[in-house]
Protein chains: 2
Amino acid sequence: MREGPDIARIAALVADPARSAMLLALMDGRALTASELAQLAGITPQTASSHLARLVDGDVLSLEAQGRHRYFRLSGPHVAAMLEALMVFSSDAAPPLRTGPNDPALRKARICYDHLAGEMGVALYDRMQADDWLDRDLAVTDQGWDRLAGIGLAPAQLPRSNRPLCRACLDWSMRRPHLAGLVGKLVLDRLLALSWARRMPSSRVVLFTPEGERRFHDWLC
Amino acid sequence: MREGPDIARIAALVADPARSAMLLALMDGRALTASELAQLAGITPQTASSHLARLVDGDVLSLEAQGRHRYFRLSGPHVAAMLEALMVFSSDAAPPLRTGPNDPALRKARICYDHLAGEMGVALYDRMQADDWLDRDLAVTDQGWDRLAGIGLAPAQLPRSNRPLCRACLDWSMRRPHLAGLVGKLVLDRLLALSWARRMPSSRVVLFTPEGERRFHDWLC
DNA sequence: CGCATGGTTCGATGTTAATCGAAGCGTCGC
DNA sequence: GCGACGCTTCGATTAACATCGAACCATGCG
């Protein structure tokens with residue numbers, strides 16, 4: 001019996017119904033807490049804790065501890081690709097082969113958790129990186145706050161919260177990171193407050209007005 | 001707990017070391033017998049029989065009974081794609097992401113079991129299908145024998161054998177079928193005997209001479 | 001027919017691992 | 001500091017299931 005790549009090990013991690021339910025829930029790139037995942041999978045927190053530990057140990061999930069919460073997310077696009085390859089087999093597979101949302105409006109801009117994802121979200125993150133709005137630790141620089149002031153965001157407005165200010169969130173339609181974290185949420189709040197965009201009811205689509213999209217790109221300069 | 005695609009069921013089929021070893025052995029599209037697979041996986045025939053039954057039941061393998069032999073093969077390209085997605089995780093993964101051999105010579109023409117695979121093999125099979133060398137049951141037609149005579153193949157030469165004359169074998173580099181079965185083997189034998197091509201030592205590459213490749217294409221007309 | 005060979009079915013055994021209750025540990029809010 | 005909350009560790013129970021020996025079916029060969 002010649003040895004090959006150990007696909008059994010990783011397959012076993014997905015093979016449990018509770019674990020696969022959690023993985024599917026994370027397919028959109030969000031980060032969820034242990035309790036949320038436990039409830040989604042229909043198991044007790046103790047059991048979920050054991051499952052999540054194994055998934056992290058197997059490099060399928062990555063873990064970010066935040067106060068008394070622990071956020072879990074897929075550790076990369078290769079995990080989503082693997083799950084998609086498995087979904088092909090289920091006849092009832094909702095989204096058969098798409099590597100991301102195929103609705104153009106969804107690809108353009110959508111809600112991811114509470115921040116902006118899709119092309120617009122990635123564009124924002126790219127600009128923030130390229131123009132040094134953030135430093136290497138994803139902390140907002142002075143320059144970054146200058147730019148954020150352009151849509152009426154100031155450090156004084158930050159609510160007291162343990163949530164990280166900025167975080168990179170993987171975008172499954174673009175396969176590239178977009179802005180998450182508290183600033184991600186606040187930016188989206190401002191875009192909606194300024195009426196540059198609005199949420200579509202009962203959908204994750206964020207619809208920019210033509211005027212709003214122009215101003216958004218002007219703001220990014 | 002909302003239900004999603006049942007990826008756990010299919011993942012569980014791969015999650016066993018014996019089963020995954022068999023699946024990996026079938027990655028090149030060959031069909032192997034139950035005994036061969038049992039030996040490859042290092043288990044007894046009884047155990048292998050149980051595993052193979054589950055894999056066939058789960059539509060991961062397809063089964064072709066031939067006399068007292070039973071040939072198993074991956075049931076389609078989506079299975080190979082799934083296995084490849086899983087292989088990405090094993091650090092020692094030999095072929096990380098390629099959807100088939102990336103060596104140009106291997107893509108062009110190679111040995112698959114005992115017949116011709118790669119672009120040349122697929123070209124042959126395409127022509128056989130398009131020009132009715134075969135009927136719907138993959139039996140060789142009179143017209144087919146006329147054409148096969150062009151490289152010196154005649155029905156009288158067929159050894160007594162229970163092996164099917166022609167079979168379609170999935171080609172992982174092309175994702176399309178090529179000619180397998182006894183005729184597949186004999187055609188390759190003739191190509192080598194005519195010195196249109198030769199095997200490279202300790203490799204699966206089949207190297208056509210320029211003259212041989214020209215004659216091959218002339219033969220296919 | 002007789003025998004070998006390839007495969008399967010059945011039953012018993014042992015191992016793995018999923019699950020939850022109970023208890024423990026850190027963090028947050030008052 | 002005290003209690004609530006999120007999460008983990010520990011232990012015991014239970015349910016799958018991988019494995020193989022033995023017996024059983026079917027095919028091919030002389």
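Basis for what follows: all heavy atoms, side chains included, without hydrogens, waters or symmetry-related copies. Every chain is numbered from 1, with letters handed out A, B, ... down the list of sequences.
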- request: Would you mind reading off the distance between A/Ile43 atom CD1 and C/dG21 atom P, rounded to a whole angstrom?
  value: 13 Å
task: Grab the two heavy atoms, one from B/Thr33 and one from B/His69, that are nearest each other, plus how far apart they are.
output: CG2-ND1, 4.0 Å
- request: Would you please classify the geometry between the B/His78 ring and the A/Phe89 ring as parallel, tilted or perpendicular, with 30° and 60° separating the classes?
  value: tilted
- request: Output the distance between atom CZ (B/Arg19) and atom CD1 (A/Ile7), rounded to the nearest 0.5 Å.
  value: 11.0 Å
query: Rounding to a whole Å, what distance do you find between B/Leu52:CG and C/dG6:C1'?
result: 13 Å
field: Derivation and outcome, side chain to side chain contact (heavy atoms under 4.5 Å, CB included), residues B/Val187 and B/Leu116
entry: CA-CA 8 Å; B/Val187 166; B/Leu116 187 65; 5.9 Å; no
task: Round to the nearest Å and state the distance from B/Arg68 atom CZ to C/dG6 atom P.
output: 6 Å
statement: Separation of C/dG6 atom P from B/Gln46 atom CD, nearest Å, is 14 Å
task: Working to the nearest 0.5 Å, report the span between CG of B/Leu153 and CG of B/Leu148.
output: 5.5 Å
query: When the distance from CG of B/Leu55 to C1' of C/dT8 is rounded to whole Å, what number comes out?
result: 16 Å
- prompt: Does B/Thr44 put a side-chain nitrogen or oxygen below 4.0 Å from OP1 or OP2 of D/dT19?
  reply: no
message: Measuring to OP1 and OP2 of D/dA26, would you say a side-chain N or O of B/Arg70 lies under 4.0 angstrom away?
response: no
- request: Under the side chain to side chain contact (heavy atoms under 4.5 Å, CB included) rule, what do A/Met27 and A/Leu24 come out as? Steps first, then yes or no, please.
  value: CA-CA 5 Å; A/Met27 270 293 285; A/Leu24 289 176; 4.2 Å; yes
- request: Look at the side-chain N and O atoms of B/Thr47 and state whether any lies under 4.0 Å from the OP1 or OP2 oxygen of D/dC20.
  value: yes
field: Spacing between A/Leu13 atom CG and C/dA18 atom P, to the nearest angstrom
entry: 9 Å
query: Roughly, in whole Å, what's the span from NE2 in B/His69 to C1' in D/dT27?
result: 9 Å
task: Using whole Å, report how far CG of A/Leu37 lies from C1' of D/dG6.
output: 13 Å
- request: Would you indicate whether B/Asp142, at its atom CG, is surrounded by more than 12 heavy atoms from other residues, nucleotides or ligands within a distance under 6.0 Å?
  value: no
query: Once each nucleotide of nucleotides 11-17 of chain C is scored for protein heavy atoms under 4.0 Å, what B/S/- sequence comes out, 5' to 3'?
result: ------S
